[in-house]
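Data first, discussion second: the structure below is written as structure tokens.
Scope of the values below: all heavy atoms of this structure, side chains included, with no hydrogens, waters or symmetry mates. On a predicted model such as this, the values are computed, not experimentally measured, just so you know.
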Amino acid sequence: MIFLTARILLLAIFTQAYENLALLKPAYQEYEWPSRPIDWGAAKAVDGQYSDRGAAGNQCTISADKKQTATWRVDLGSIVSISHIEIHYRTDNIPSPGRWFHRFAGFFLYVSNTTSKDDGHLCLHEIQTVNGTPTEDQRINCSVQGRYVIYYNERRPDVMYPIYYSKYAFNELCELKVYGCANYSYYGANCNISCPDNCQERKCDVITGECLGCVPGYQGPRCSQTCNELHYGLGCSSSCGYCRNGDTCHHVNGTCLNGCNDGVEGDKCQNACQPGYYGRDCRHVCSENCGVTNQCNRFTGKCDGGCRMGWKGVRCDEKCDGGMYGVDCNRRCGHCLNDTQCHHINGTCLEGCAPGYEGLLCMNGCPDGSFGSNCHSNCKVYCGGNETCDPVTGICHSGCKEGWIGPLCSQAPEDTSTITDACDNTLTIASLVAAFSIVAIGSAINIIFWKRSQTKNTEKRQNVHQKKQTLDDNYAGNLNSEDTFDSQYAELEDVSKENTYERIHQKNESGEQML
């Protein structure tokens with residue numbers, strides 16, 4: 001209600017400010033009145049003169065008589081921004097209601113960008129049912145843009161009209177005025193305010209400046225708001241595709257800026273994955289191990305028809321393991337060597353069978369008389385009795401054949417090569433030990449002898465020194481006794497001579513070998 005009041009006030013203020021865009025523009029009417037002394041042609045409705053609104057006034061247009069339709073239009077020269085339209089109908093200068101309102105009743109008024117009313121915008125359809133209407137002076141608010149203003153009336157034989165309507169259709173326009181701005185990108189009293197940037201084709205209401213439509217991606221009276229989330233395009237009427245993580249798309253063109261969610265592809269993420277592809281942006285190829293080759297759920301990659309033999313997992317991209325093989329990995333491997341995994345498809349043991357089993361699947365126990373890996377060993381060679389043995393260990397059930405011994409009955413008692421070798425090895429080791437012992441004992445004896453020699457030499461040296469000391473003492477005490485002196489001197493002279501002991505001692509001191 002407030003908006004309507006403001007619009008009415010603006011309309012009242014700007015009514016006289018807009019120019020008449022129809023003045024002296026080219027005009028056309030469907031049926032011209034035949035030969036006449038006065039010009040009642042189409043141009044009379046836009047010549048700016050309508051003070052005399054009678055047939056003889058030469059200021060009105062009058063169409064031919066007895067017609068079911070009457071069409072008149074004016075070409076404004078280009079698309080303009082229209083505020084309102086005024087019509088001044090024939091009155092023969094009689095106060096309203098005049099003589100010809102019944103011919104005016106029921107008229108249509110269009111604004112179009114082409115010469116066809118069917119392409120245009122209907123500004124008014126006069127549908128009054130009261131005698132004496134419509135009035136001959138009409139002011140029609142029609143805030144639109146267009147190039148052609150078209151007046152149209154009809155009297156169809158198959159339509160029941162109000163009783164006061166004329167029998168035939170006429171256009172008897174004395175003047176038709178079109179007010180607005182010649183440049184549709186501007187609005188306001190002086191047509192000098194630019195329409196908002198996001199107005200479609202920069203077209204806006206000539207009075208309020210509100211956009212007559214928004215460019216793609218925008219909305220609101222002045223197209224200043226982007227589209228709501230998950231919408232885009234012209235009028236924000238298009239829904240976004242399946243963007244990654246539920247993101248909204250670009251408000252103008254609808255593209256998903258961060259890619260697509262699972263199962264869709266394309267710039268707008270609206271195209272389902274092609275067969276054989278799945279996941280985000282449809283970048284993943286369905287597994288060739290699917291039951292139906294390369295066919296899977298476009299969202300999850302789950303294989304159609306399950307997995308081929310030897311494969312498991314939602315996407316059939318995992319080999320059977322854990323000792324299982326075959327369809328859906330539901331069959332258990334045989335007794336493979338060292339408990340290795342069998343072939344994931346056919347169950348064969350790639351490294352052979354564990355001891356006690358044979359066959360491609362290693363599920364068959366060894367037959368009587370054989371044992372070991374793949375049952376390649378023969379019990380009969382060494383086993384006695386029934387010549388059977390444990391299929392795993394090879395231990396004979398009934399003991400060994402005569403002449404054979406050992407856990408597997410594989411050793412003959414007369415086979416002494418092993419014992420001889422053992423003895424030889426034992427002798428070699430004993431010899432080495434004996435040699436080592438002799439060397440050690442010899443070294444110990446030498447050390448003992450050397451220590452004993454050192455002790456004897458020390459004792460001898462002490463005895464010699466003691467004797468020398470005794471002689472010295474005796475010599476000093478007996479210097480006054482001649483006899484004593486002579487005898488002592490002789491002894492002293494003998495002592496001063498080198499004797500054998502001293503020679504041995506000196507040799508020991510110098511490090512020479514003892515005698």
Count the heavy atoms of every other residue, nucleotide or ligand shown that sit under 6.0 Å from [atom1] of [X], and state whether that count exceeds 12.
X	atom1	answer
Ile163	CD1	no
Arg147	CZ	yes
Asp339	CG	no
Tyr148	OH	yes
Ile140	CD1	yes
Glu229	CD	no
Phe299	CZ	yes
Asp304	CG	yes

I want to check something: taking the side chain as every heavy atom from C-beta on, are [X] and [Y] in contact at a cut-off of under 4.5 Å?
X	Y	result
Ser112	Ile150	yes
Arg139	His84	yes
Leu361	Tyr325	yes
Ile87	Phe104	yes
Asn58	Asp39	yes
Gln29	Asn171	yes
Leu176	Glu86	no
Gln200	Leu212	no

Can the SG atoms of [X] and [Y] be said to lie under 2.5 Å from each other?
X	Y	result
Cys296	Cys290	no
Cys286	Cys303	no
Cys240	Cys256	no
Cys249	Cys269	no
Cys181	Cys191	yes
Cys349	Cys336	yes
Cys223	Cys214	yes
Cys211	Cys199	yes

_For Asp197, give me all partners under salt bridge (Lys or Arg N to Asp or Glu O under 4.0 Å), at least two apart in sequence or on another chain._
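Here the qualifying residues are Arg202.
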Donor-acceptor contacts, no H, no angles, side chain residues 351-359, under 3.5 Å, sequence neighbours left out:
none

Less than 3.5 Å apart, any donor N or O on the side chain of [X] or [Y] sitting next to an acceptor on the other?
X	Y	result
Asn253	Thr255	yes
Thr135	Asp137	no
Asp119	Asn113	no
Gln219	Asn228	yes
Tyr50	Lys177	yes
Asn245	Arg280	yes

Would the distance check show the side chain of [X] and the main-chain N or O of [Y] forming a donor-acceptor pair, the cut-off being under 3.5 Å?
X	Y	value
Gln341	His343	no
Thr208	Asp205	no
Trp40	Cys60	no
Asn190	Asn192	no
Glu175	Gly48	yes
Arg53	Tyr89	yes
Asp75	Gly77	yes
Thr300	Lys302	yes
Asn374	His376	no

Rounded at 0.5 Å granularity, tell me how far [atom1] in [X] sits from [atom2] in [Y].
X	Y	atom1	atom2	result
Thr69	Asn153	OG1	CG	9.5 Å
Asn271	Glu265	CG	CD	6.0 Å
Leu173	Gln59	CG	CD	14.0 Å
Asn289	Ile345	CG	CD1	8.0 Å
Glu136	Ile94	CD	CD1	9.5 Å
Ile85	Tyr179	CD1	OH	11.5 Å

Does [X] qualify as a cation-pi partner of [Y], given the criterion of NZ or CZ under 6.0 Å from the six-membered ring centre and within 45 degrees of its axis?
X	Y	answer
Arg155	Tyr161	yes
Lys203	Tyr184	yes
Arg298	Tyr278	no

Does a salt bridge link [X] with [Y], judged by any charged N lying under 4.0 Å from a carboxylate O?
X	Y	value
Arg99	Asp92	yes
Asp321	Lys312	yes
Asp281	Arg244	yes
Glu172	Arg90	yes

Run the ring-centre check on [X] versus [Y] and record whether the distance is less than 6.0 Å.
X	Y	answer
His102	Tyr164	no
Tyr218	His251	yes
Tyr152	Phe108	yes

_Pair Val285-Asn294, side chain to side chain contact (heavy atoms under 4.5 Å, CB included): steps then yes or no_ = CA-CA 7 Å; Val285 180; Asn294 295 124; 4.1 Å; yes
*asked:* Quick one, Cys243 with Cys260, criterion disulfide (SG to SG under 2.5 Å). Give me CA distance, side-chain angles, the key distance, then yes/no.
replied: CA-CA 4 Å; Cys243 299; Cys260 302; over 6 Å; no
*Under the side chain to side chain donor-acceptor pair (under 3.5 Å) rule, what do Thr348 and Asn346 come out as? Steps first, then yes or no, please.*
CA-CA 6 Å; Thr348 57; Asn346 56 33; 2.9 Å; yes
_Passing option when Phe107 is tested against Trp72, Trp100, Tyr151 for ring pair (Phe, Tyr, Trp, His ring centres under 6.0 Å)_ =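 Checked Trp72, Trp100, Tyr151 against Phe107; only one passes ring pair (Phe, Tyr, Trp, His ring centres under 6.0 Å): Tyr151.
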